[in-house]
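Proteins come first, then strands; the chains are lettered A, B, ... in the order of their sequence lines, and each starts at number 1.
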2 protein chains.
Amino acid sequence: MDPVSASPPTSRGRSGRPPLTSRDDILRAARQVIERDGWEQLTVRRLAAELGVGAATLYHHVRDKDDLLIQLLDQQADEALRPDLPDDPRERIVVAATAIHDALAATPWAAEVLTVDGFLGRLGPSALALVEVIVAGAVACGSSESQAVDLFRNLWYFTVGEILVRARSRSGRATAADRDTFFPADLDAARFPHLAAIGDRWPELAAHDSFPEGLAAFVDGQLARIGPSHASRPSR
Amino acid sequence: MDPVSASPPTSRGRSGRPPLTSRDDILRAARQVIERDGWEQLTVRRLAAELGVGAATLYHHVRDKDDLLIQLLDQQADEALRPDLPDDPRERIVVAATAIHDALAATPWAAEVLTVDGFLGRLGPSALALVEVIVAGAVACGSSESQAVDLFRNLWYFTVGEILVRARSRSGRATAADRDTFFPADLDAARFPHLAAIGDRWPELAAHDSFPEGLAAFVDGQLARIGPSHASRPSR
DNA sequence: ACCTGAACACCGTTCAAGT
DNA sequence: ACCTGAACACCGTTCAAGT
């Protein structure tokens, strides 16, 4: 589709200086910087230095930094998002949503770009395929198109929230356990009996991965509202 | 608790120059800047200018910018987070979670600070009271402490995700409807039949507020996993 | 057509020095 | 004890000019 990105920078039919840099070079260099120095180091300036060009040059190949990150995430999605899908539509929804979540969870910098405007619309085929699976699964379970879109969006919010909160709280100290008291020390046990009872065990309880059970509960809860005609719900 | 913040900057027992600025002054000025110029304009430098002091001065009264924003959000929570709570524990969970969501949704800059590390632990009494309500509600419905914490965290992820995604996509064009085609124009109808069928209607369907139904479904889905002893579920 | 250096317009935070 | 100017160490993006 893009005539520039495929071939090396040989001269093309048109006039002008031949390109030193291509979209693919930029994405490759970006992955290298992230892998070597961590994603926090991926700035436009550093990336340009990595390629041996001026920072301004990059703006001839990508619209802006968000654009670069979305393309990068999409490239990784093409490689990672290929789950085996079961037959049961309810199961397909769960597996597809889990695949999306796990791909994002494995990409620490995903949080940076997850909420940019029009994110969904900028995705490539492998990511869209899983959106299709979820929407199709909901329809197969009896929901209308608008209910199916709502179901997808709710799962998306849940996934994004989990990724974002975890991404931010993972950084910092080694484990959540060796933190100073989680709730304020002067927590009024009369007003907050349960929180006081849990007390310092909160970080420990919160270290548990609640996503898989939460996802299943969310899918079942939403399908249950569609009507009794929804598909089989295995005993788990 | 904090001896400085309560009283105006009169001289205190100890030695040294009397303060020109207090934590309360800073929070008040921050609210003024946000209200007048929008929250994007709330920078450390502008806030200092508003107060007529140097930027460095603020660092004697707040730890850093995140600290300032959390205190600001907490102050608003004290004013907004006082819902009437019903008797039924399942209903209490829904009402409390809705109150948290609505307070955050009404604060456009909330997205900026929602995911900072230790956010929950830095909250004041009125916000903690709703956390307590949700955890207590889950326990009243038969869940263990760890299940109750999971339930709260899952609702929190859902809420945060909804707020963050909406916060970012609301900015920009007037409504989502007058956007150019949402999915890529060359979307393969054979591979993505449902997405292709929905097509340009996605933004319109996505404009619908799916949170309330989603929340109810999520709560019911999670309570259903706890066991048959869970509380009444009204017919709505 | 492609690339560049320099500039623009900022950030949050630190710190030695003043009062 | 409190406040300050100046500096530090950066950002992403634009643009006139070069090749």
Side-chain angles (χ1 to χ4, degrees), chain A residues 2-5 7-26 29-30 33 37-72 109 112-113 116-117 171, chain B residues 2-5 7-26 29-30 33-34 37-72 109 112-113 116-117 168 171:
Chain A
D2 181 2
V4 177
S5 58
S7 52
T10 53
S11 73
R12 295 222 126 238
R14 296 263 165 245
S15 62
R17 186 167 167 173
L20 295 177
T21 315
S22 72
R23 197 198 69 121
D24 281 353
D25 289 337
I26 292 173
V33 170
D37 307 318
W39 75 267
E40 300 89 342
Q41 301 298 323
L42 183 70
T43 67
V44 173
R45 291 170 136 96
R46 264 188 64 67
L47 180 54
E50 184 80 17
L51 288 159
V53 300
T57 302
L58 300 190
Y59 288 86
H60 287 274
H61 300 93
V62 296
R63 187 161 13 121
D64 54 23
K65 202 191 175 187
D66 277 347
D67 195 57
L68 171 72
L69 291 177
I70 290 180
Q71 288 192 55
L72 210 53
W109 50 271
E112 211 64 7
V113 80
V116 314
D117 196 16
S171 61
Chain B
D2 182 2
V4 176
S5 58
S7 53
T10 53
S11 73
R12 295 221 126 237
R14 296 261 165 246
S15 63
R17 186 167 167 173
L20 294 177
T21 316
S22 71
R23 197 199 68 120
D24 280 355
D25 289 337
I26 293 173
V33 171
I34 288 172
D37 307 318
W39 74 267
E40 300 90 341
Q41 301 298 322
L42 184 70
T43 67
V44 173
R45 292 170 136 95
R46 265 188 63 67
L47 180 54
E50 184 80 18
L51 288 158
V53 301
T57 302
L58 299 191
Y59 288 87
H60 288 275
H61 299 94
V62 296
R63 189 166 5 125
D64 54 23
K65 202 192 175 186
D66 277 348
D67 195 56
L68 171 73
L69 290 177
I70 290 180
Q71 288 192 56
L72 210 53
W109 50 272
E112 211 64 8
V113 81
V116 315
D117 196 16
R168 298 301 215 282
S171 62

Query raised in the report: If you write DNA chain D from 5' to 3' in dot-bracket form, with Watson-Crick or G-U pairs under 3.5 Å, [ ] for crossing pairs and | for pairs with another strand, what do you get?
Result: ||.|||||...|||||.||
Query raised in the report: When the distance from CG of A:Leu68 to C1' of D:dT13 is rounded to whole Å, what number comes out?
Result: 14 Å
N/O to N/O distances under 3.5 Å, protein versus nucleotides 5-11 of chain D:
residue : atom : partner : partner atom : Å
D:dA7   : N6   : B:Arg45 : NH2          : 3.4

Query raised in the report: Looking only at heavy atoms, which two atoms of B:Gln71 and B:Val62 are closest? And how far apart?
Result: NE2-CG1, 4.2 Å
**Report entry** Of the listed nucleotides D:dC3, D:dT13, C:dT4, the one nearest the side chain of A:Asp64
**Finding:** D:dT13
Query - Interatomic distance where CG belongs to A:Leu58 and C1' belongs to D:dT14 [whole Å] - result: 14 Å
Query raised in the report: Among all residues two or more places apart in sequence or in another chain, which pass the salt bridge (charged side-chain N to carboxylate O under 4.0 Å, His left out) test with B:Asp37?
Result: B:Arg46
Query - For B:Glu112, salt bridge (charged side-chain N to carboxylate O under 4.0 Å, His left out) partners two or more places apart - result: none
Requested in this report: Nearest whole angstrom, please: distance from the P of D:dG12 to the CG of A:Leu69.
Outcome: 10 Å
Requested in this report: Quickly work out the B:Arg23 CZ to D:dC2 P distance and round it to whole Å.
Outcome: 15 Å
Query - From CA spacing to verdict: side chain to side chain contact (heavy atoms under 4.5 Å, CB included), A:Val44, A:Leu68 - result: CA-CA 10 Å; A:Val44 173; A:Leu68 171 72; over 6 Å; no
**Report entry** Span that lies between the P atom of C:dA9 and that of D:dA9, in whole angstrom
**Finding:** 24 Å
Query - Spatial distance of atom CG (A:Leu51) from atom OG1 (A:Thr57) [nearest 0.5 Å] - result: 9.0 Å
Query - Separation between CZ of A:Arg23 and NE2 of A:His61, rounded to the nearest 0.5 Å - result: 11.0 Å
Query raised in the report: Given D:dT4, is OP1 or OP2 found less than 4.0 Å from the side-chain N or O atoms of B:His60?
Result: no
Report task. Provide the closest heavy-atom pair for A:Leu58 versus A:Ala48 in the form atom of the first, atom of the second, distance. Result -> CD1-N, 4.0 Å
Report task. Nearest whole angstrom, please: distance from the C1' of D:dC2 to the CD1 of B:Ile26. Result -> 12 Å
Query raised in the report: Hey, does the side chain of A:His61 come within less than 4.0 Å of C:dC3's phosphate (OP1/OP2), counting only N and O?
Result: yes
Report summary line: Whole-Å distance, B:Arg63 CZ to C:dT13 P, equals 11 Å
Query raised in the report: Excluding sequence neighbours, so at least two apart, what forms side-chain contact (heavy atoms from CB on, under 4.5 Å) with A:Asp64?
Result: A:Asp66, A:Asp67
**Report entry** Separation of B:Trp109 CH2 from B:Ile34 CD1 (nearest 0.5 Å)
**Finding:** 5.5 Å
